[in-house]
Visitor: 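Before anything else, here's the structure in question.
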2 protein chains.
Amino acid sequence: MLTSQRKRLILDRLARDGQVVAKQLSHELALSEDTIRRDLRELAAEGLLLRVHGGAMPVSPTAVPIAERRSLSRDAKSALGKAGAAMIRDGMTVVFDGGTSNLEIIRHLPAQARFTAITHSPTIAVALEDRPDVDVVIIGGKLFRHSMVATGALAAEAIARIRADLFFLGVTGVHAGEGLTTGDMEEAAIKRQLMSASAETAVLATSDKLGAVSPFRIGGIGEISTLIVEGEAAEERIAAFAGSGVSILRAG
Amino acid sequence: MLTSQRKRLILDRLARDGQVVAKQLSHELALSEDTIRRDLRELAAEGLLLRVHGGAMPVSPTAVPIAERRSLSRDAKSALGKAGAAMIRDGMTVVFDGGTSNLEIIRHLPAQARFTAITHSPTIAVALEDRPDVDVVIIGGKLFRHSMVATGALAAEAIARIRADLFFLGVTGVHAGEGLTTGDMEEAAIKRQLMSASAETAVLATSDKLGAVSPFRIGGIGEISTLIVEGEAAEERIAAFAGSGVSILRAG
DNA sequence: TTATTTCGTGCAGATTCGTGCAATATCTGG
DNA sequence: CCAGATATTGCACGAATCTGCACGAAATAA
């Protein structure tokens, strides 16, 4: 990443968020704090920002209320996304199912994340637009309108040729007895195929999905490797999945 | 590769990506970094770009280059989009190239439009989300980041199997002698393939593209059936295309 | 107060830059 | 066709820039 580009990013971030934190930024850009601090110093010397202990503030007061952003980042789905993003290591090949939960993973990827993303959801693909170090492979096919993912024979054919390390599966129900379920038969079939094409499968489950059942079964709980639930998820709802072989991760 | 052609490519890349890295570019073009740096120096001397350590940035501080392109010349593009949408009849199979012009076609589709859309651009696919009567087929492949379209062998393979009535081709240059050109070789190949898979091809050309030439040729003007230009496009720029067999449509 | 975090400076290694020079290709005029 | 002029390209080498680490000082938190 070019130095000038980094400085511009800092100013952008400052205008958008109303603040920047040196430590956080250094982690996000995979650079030392020294470099970030140096940038802040130089930008401050140009009068483009105001240095404060720990980071920087805009020269002119921002309109963005900071409290709003904080509450946003503490949102349950956001925490799930963060936990999901943490599972991705550089060099991996990761398959993303459609859905808002998986979209949240993309949002929490560190800027320097470097891996291969495979998806049959154009929405996910578009979200990955500004991740320069992520290779994106789209699985083509007929777009299933309701959930905006490619399905059908074309998609199945493309999936048959891939082999991934990790698959983030999207479901509408996670139930101890009925397993993982979704609302469409064709989608369920594609999801099954994606599972078998990946070494591991993870599911991000908001609390409303725990114990829920939808019409079409994808597979049993034991067939996935990781289930990520909200940090505040009721203990008794999770207890039902103990013994199924899945490792349960509490987010946030 | 000619020097002037290389310089054009650098400017294209700069406009598209918002940055250029000397080392990366030298590797991509199989030239020494010295040559690239020399180009950058000369272009900077002409005021066409801003040199920075490691590469170059655009002269105008475009925070998000692609977002800028989206807001650029909105009215003219809107009229072009309307004219393009008018070419689509119910029951047709239409291929959409990536790019903001083609996105504008989607925006101007009548709500009840009923046809099959094929695209290798996830952005286009997402835009078609709320058109319930349009069947959408996505062409998969490796996402070419700069223009957000699927490319590579996977895409080529999928394209080989389709047959469409109409193809909306996106270009960066329309020139009487040099023909239709774009900024990337791989993209040019995919575009050629999409042309031959379609009975007709139409190009939406904003005035800034008329007479412009980019490094990689897609084909001659005569190979497309319709060229849609702005209503206020200068007559002399269009006159150059007369006799090439293309029918010229003035929008707005 | 004490402990922790953040800041500033100096320094070393790596990368990039600019200039001069030589080799090759292209152009021009005879 | 040839000879010289011009342009283009790659390489060498010293200068400038960038980055990360170390260490002590300053600021913040407990």
Side-chain angles (χ1 to χ4, degrees), chain A residues 1-14 17-59 62 66-67 69-70 73-74 89-90 110-114 132-133, chain B residues 1-14 17-59 61 177-178 183 185 213-217:
Chain A
M1 165 165 289
L2 300 172
T3 306
S4 54
Q5 195 182 13
R6 194 177 56 236
K7 286 185 181 175
R8 181 160 298 174
L9 186 143
I10 291 174
L11 292 176
D12 280 355
R13 192 66 64 100
L14 202 56
D17 300 353
Q19 66 170 118
V20 285
V21 180
K23 187 171 189 173
Q24 174 191 323
L25 208 58
S26 73
H27 181 257
E28 229 171 285
L29 302 176
L31 290 165
S32 76
E33 293 180 41
D34 299 72
T35 303
I36 301 298
R37 271 204 301 275
R38 236 184 294 255
D39 289 343
L40 294 181
R41 253 197 305 266
E42 288 163 17
L43 288 168
E46 296 176 47
L48 297 173
L49 53 78
L50 203 62
R51 289 213 66 188
V52 297
H53 199 87
M57 302 282 289
V59 280
T62 175
I66 294 166
R69 304 206 67 80
R70 279 189 185 154
S73 67
R74 284 178 189 161
R89 304 263 169 273
D90 280 5
Q112 81 283 5
R114 186 182 294 273
D133 295 327
Chain B
M1 165 166 289
L2 300 171
T3 306
S4 58
Q5 200 176 9
R6 194 177 55 236
K7 285 185 180 176
R8 164 75 59 174
L9 185 139
I10 290 173
L11 291 177
D12 277 357
R13 199 59 68 98
L14 199 59
D17 305 351
Q19 67 164 119
V20 164
V21 180
K23 186 171 189 174
Q24 174 190 319
L25 207 59
S26 73
H27 183 259
E28 218 171 296
L29 301 176
L31 291 164
S32 76
E33 292 180 40
D34 300 71
T35 303
I36 301 298
R37 270 204 300 273
R38 238 183 293 254
D39 289 342
L40 294 182
R41 254 199 302 266
E42 288 163 16
L43 289 168
E46 295 176 46
L48 297 174
L49 53 78
L50 201 63
R51 289 212 65 190
V52 297
H53 199 89
M57 303 280 289
V59 279
E178 302 293 331
M185 191 172 63
V213 180
S214 284
F216 299 97
R217 180 180 160 100

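Letters go in sequence order (proteins before strands), and every chain restarts at 1. Keep in mind it's a predicted model, so treat the numbers as computed, not measured.
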Visitor: Atom CD of A:Gln5 and atom C1' of D:dC18: how far apart are they, to the nearest Å?
Guide: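 About 15 Å, once rounded to whole Å.
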Visitor: Is it the case that the base of D:dG20 and the side chain of A:Arg37 share a donor-acceptor contact (distance under 3.5 Å, atom types as modelled)?
Guide: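 No, no donor-acceptor pair under 3.5 Å.
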Visitor: Write down the atom of A:Ala113, the atom of A:Asp133, and the distance for their closest heavy-atom approach.
Guide: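 Heavy atoms only, the tightest pair is O-CB, 3.4 Å.
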Visitor: With rounding to the nearest 0.5 Å, note down the distance linking CD in B:Gln5 to CG in B:Leu9.
Guide: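 Between B:Gln5 CD and B:Leu9 CG, I get 8.0 Å after rounding to 0.5 Å.
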Visitor: Within this structure, what is the CG-CD1 distance for the pair B:Leu29 and B:Ile10, rounded to the nearest 0.5 Å?
Guide: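 Result: 7.5 Å between the selected atoms.
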Visitor: Using five pairs at each end of the helix from C:dT1-D:dA30 to C:dG30-D:dC1 to define an axis, what is the angle between those two axes, to 10°?
Guide: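 That helix has its two terminal axes inclined by roughly 40°.
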Visitor: Report the distance from atom CG of B:Leu40 to atom P of D:dT9, rounded to the nearest whole Å.
Guide: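 Computing the B:Leu40:CG to D:dT9:P distance gives 13 Å.
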Visitor: How many Å lie between CG on B:Leu31 and P on D:dT8, as a whole number?
Guide: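 The distance from CG of B:Leu31 to P of D:dT8 comes to 13 Å, rounded to the nearest Å.
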Visitor: Is the phosphate of D:dG20 approached by A:Thr35 (side-chain N or O, under 4.0 Å from OP1 or OP2)?
Guide: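 Yes, within the criterion.
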Visitor: For the residue pair B:Ser214 and B:Gly183, what are the closest heavy atoms and their distance?
Guide: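 Result for this residue pair: CB-N, 4.2 Å.
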Visitor: Please list all pairs passing the salt bridge (Lys or Arg N to Asp or Glu O under 4.0 Å) test where one or both residues lie in residues 38-49 of chain B, with sequence neighbours left out.
Guide: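 Residue pairs with at least one partner in residues 38-49 of chain B: B:Arg6-B:Asp39, B:Lys7-B:Glu42.
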Visitor: Who passes side-chain hydrogen bond (donor to acceptor under 3.5 Å, both in side chains) against A:Thr35, sequence neighbours left out?
Guide: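 In terms of side-chain hydrogen bond (donor to acceptor under 3.5 Å, both in side chains), with neighbours along the sequence ignored, A:Thr35 is linked to A:Ser32.
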Visitor: Just how far, in rounded Å, is P of D:dC11 from CZ of B:Arg38?
Guide: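 About 11 Å, once rounded to whole Å.
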Visitor: Only counting residues at least two apart or in another chain, list the ones meeting salt bridge (Lys or Arg N to Asp or Glu O under 4.0 Å) with A:Asp90.
Guide: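 Expected list: none.
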Visitor: Specify the separation, in whole Å, of atom CG of B:Asp39 and atom P of D:dT9.
Guide: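 Answer to the nearest Å: 7 Å.
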Visitor: Chain A on DNA chain C: first and last contacting nucleotide, 5' to 3', under 4.0 Å to a heavy atom?
Guide: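 So the outermost contacting nucleotides come out as C:dT6 to C:dT9.
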Visitor: Can you tell me how far C1' of D:dC18 sits from CD1 of A:Ile36, to the nearest Å?
Guide: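 After rounding, the gap between these two atoms is 13 Å.
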Visitor: Hey, which of these two, B:Glu33 or A:Ala30, hits DNA chain D nearer its 5' end, going by closest nucleotide?
Guide: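 Looking at the nearest nucleotide for each, B:Glu33 comes out on the 5' side.
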Visitor: Of all residues at least two apart in sequence or in a different chain, which pass the side-chain contact (heavy atoms from CB on, under 4.5 Å) check with A:Leu11?
Guide: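 A:Leu11 satisfies side-chain contact (heavy atoms from CB on, under 4.5 Å) with A:Leu43, A:Leu48, A:Leu49 once adjacent residues are dropped.
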Visitor: Restricting to side-chain hydrogen bond (donor to acceptor under 3.5 Å, both in side chains), what partner residues turn up for B:Glu33, sequence neighbours left out?
Guide: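 None.
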Visitor: In chain order, what residues pass the salt bridge (Lys or Arg N to Asp or Glu O under 4.0 Å) check against B:Arg13, with sequence neighbours excluded?
Guide: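 Partners of B:Arg13 by the salt bridge (Lys or Arg N to Asp or Glu O under 4.0 Å) criterion, ordered by chain and then number, come out as B:Glu28.
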Visitor: Nearest heavy-atom pair of B:Ala22 and B:Leu40: which atoms, and what distance?
Guide: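 Minimum heavy-atom separation between B:Ala22 and B:Leu40: CB-CD1, 4.2 Å.
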Visitor: In residues 45-55 of chain B, which ones come under 4.0 Å of DNA chain D, going by heavy atoms?
Guide: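 Correct list: B:His53.
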